[in-house]
Amino acid sequence: IAALSAGVAHASTNLITNGDFNQTTNGNNNQVGYKPGVAGETMLTGWTSYNGNNGGYNFVLNDSQVTTDQSVKWLKGSYTPLTSGGNNFFASDPVYHPGVLSQTVTGLTSGDQYTLSFNYALAQQVGFDGANSNNYWKVLFGDAVTVRQIEAASIPVGTQSKNSAALSIASGGFSGWQTATMTFTAQSASQVLSFLAEGTAPGAPPFLLLDNVSLAAVPEPLAF
């Protein structure tokens, strides 16, 4: 029983800081910045957003505002919240200067496997039309990476790369919230988890949404 309890506790420990994007430095209705103190931008505690020049065309939005003109990015009314109660989420346009969202994860054990899970969706901004297809999150686990490295397929050796399933929507549509799960193997005690919105959608602009990021150790099989 003790071994079973220890295994369950180990598996349920989330190693990600601020995986729900509720901790911000300047509110939950702003563009995400790369450095603090820039007017009209906010920082996400535990995360870095950077496209090589600034935080990129990335935003932290809130369910209570996002389908109204009070939102810094107003999504079309087909959007539905993941949960009730004014939930924060991260949003990035994959075809217009997206920035890499990254976090350094510590407390890893080299050689151990870790399960990453997150919710994601695809929506469209008010004032724009056109179907969107083939939009997904590229997820990397290893060394820090830049947008240029990812686009040039020159990520550091040993850095693992996986993609979420691609999402498509009709003009003005909403994909509904999806759940992605993938497993990575730690190469050291500290590694960088990175997300980059990717897509070739002709509709403008698509927004990939991200929420509830969790990383937990895969429990070892119990010995009897």
Side-chain angles (χ1 to χ4, degrees), residues 18-102 118-138 147 164 166-178 195-213:
N18 194 23
D20 58 7
F21 305 110
N22 285 330
Q23 300 174 48
T24 66
T25 63
N26 189 29
N28 57 10
N29 183 32
N30 278 307
Q31 189 164 353
V32 179
Y34 175 64
K35 58 184 179 180
V38 178
E41 295 185 350
T42 192
M43 303 285 288
L44 289 168
T45 301
W47 297 95
T48 297
S49 178
Y50 191 53
N51 76 344
N53 297 301
N54 49 50
Y57 206 63
N58 294 343
F59 299 84
V60 57
L61 304 176
N62 186 272
D63 282 331
S64 64
Q65 300 168 309
V66 74
T67 55
T68 76
D69 60 5
Q70 300 302 306
S71 182
V72 65
K73 288 300 168 187
W74 183 1
L75 299 184
K76 292 198 172 184
S78 55
Y79 169 83
T80 55
L82 178 61
T83 60
S84 60
N87 178 62
N88 276 9
F89 56 91
F90 178 79
S92 184
D93 182 345
V95 296
Y96 184 76
H97 304 296
V100 175
L101 180 72
S102 61
F118 55 90
N119 296 120
Y120 71 114
L122 180 64
Q124 191 172 41
Q125 186 179 345
V126 166
F128 297 88
D129 297 294
N132 289 291
S133 59
N134 194 36
N135 292 266
Y136 59 91
W137 286 106
K138 179 171 285 296
V147 174
S164 69
L167 299 179
S168 301
I169 55 174
S171 180
F174 179 62
S175 67
W177 285 95
Q178 313 294 319
F195 291 87
L196 180 66
E198 296 262 49
T200 57
F207 269 96
L208 270 171
L209 316 181
L210 178 68
D211 202 3
N212 295 329
V213 181

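Every value quoted in this text rests on a predicted model; they were computed, and no experiment measured them. FYI, side chains are in, hydrogens and waters are out, and symmetry mates aren't considered; it's all heavy atoms of this structure. Start at 1 with the first residue, then count along the sequence.
- The backbone N or O of Gly199 lies less than 3.5 Å from no partner atom in the side chain of Asn135, so there is not a single donor-acceptor pair.
- Annotation: side-chain contact (heavy atoms from CB on, under 4.5 Å) contacts of Ser175 (sequence neighbours excluded): Ala121, Leu122, Leu167, Ile169.
- The shortest heavy-atom contact between Tyr136 and Ala166 is CB-CA, 4.0 Å.
- Side-chain rings of Phe89 and Tyr79 approach one another, their centers coming within less than 6.0 Å.
- Applying the ring-ring contact (aromatic ring centres under 6.0 Å, His included) test to Phe195 and every residue at least two apart in sequence or in another chain returns Phe118.
- Each side chain to side chain donor-acceptor pair (under 3.5 Å) pair with one or both residues in residues 25-45, not counting sequence neighbours, appears once here: Asn28-Asn88.
- Side-chain N or O atoms of Ser92 include none that pairs as donor or acceptor with a backbone N or O of Pro98 at under 3.5 Å.
- Taken to the nearest 0.5 Å, the OH atom of Tyr57 stands 6.5 Å off from the OH atom of Tyr96.
- Note that CG of Leu44 and OG1 of Thr24 are 7.0 Å apart. Values are rounded to the nearest 0.5 Å.
- Take Phe21 and apply the ring-ring contact (aromatic ring centres under 6.0 Å, His included) test, not counting sequence neighbours, and it matches Trp47, Phe90.
- Applying the side-chain contact (heavy atoms from CB on, under 4.5 Å) rule to Thr68 yields the partners Gln65, Gln70; only residues at least two apart in sequence or on another chain are considered.
- The two atoms that bring Pro94 and Pro206 nearest to each other are CD-O, 3.4 Å, heavy atoms only.
- Phe174 contributes atom CZ, which lies 8.0 Å from atom CG of Leu75 (distance to the nearest 0.5 angstrom).
- We find the OH-CD distance between Tyr120 and Gln178 to be 6.0 Å, quoted to the nearest 0.5 Å.
- Residue pairs meeting the salt bridge (charged side-chain N to carboxylate O under 4.0 Å, His left out) criterion with at least one member in residues 59-85, sequence neighbours excluded: Lys76-Asp129.
- When the side-chain contact (heavy atoms from CB on, under 4.5 Å) test is applied to Asn212, the partners found at least two apart in sequence or on another chain are Asp20, Leu82, Asn119.
- Using a 4.5 Å heavy-atom cutoff, the side chains of Trp177 and Leu209 are in contact.
- Within the model, atoms NE2 of His97 and CG of Asn58 stand 12.0 Å from one another, a figure rounded to the nearest 0.5 Å.
- Looking at Ser168, its side chain never comes within 3.5 Å of a backbone N or O of Ser133 through a donor-acceptor pair.
- Pairs of residues two or more places apart, or lying in two chains, never qualify as salt bridge (charged side-chain N to carboxylate O under 4.0 Å, His left out) while including a residue from residues 52-61.
- Here the side chain of Ser171 pairs no donor or acceptor atom with the backbone of Ala131 at under 3.5 angstrom.
- For Ser64, the side chain to side chain donor-acceptor pair (under 3.5 Å) partners at least two apart in sequence or on another chain are Asn62.
- Side-chain atoms of Trp74 come within 3.5 Å of backbone N or O of Thr67 as a donor-acceptor pair.
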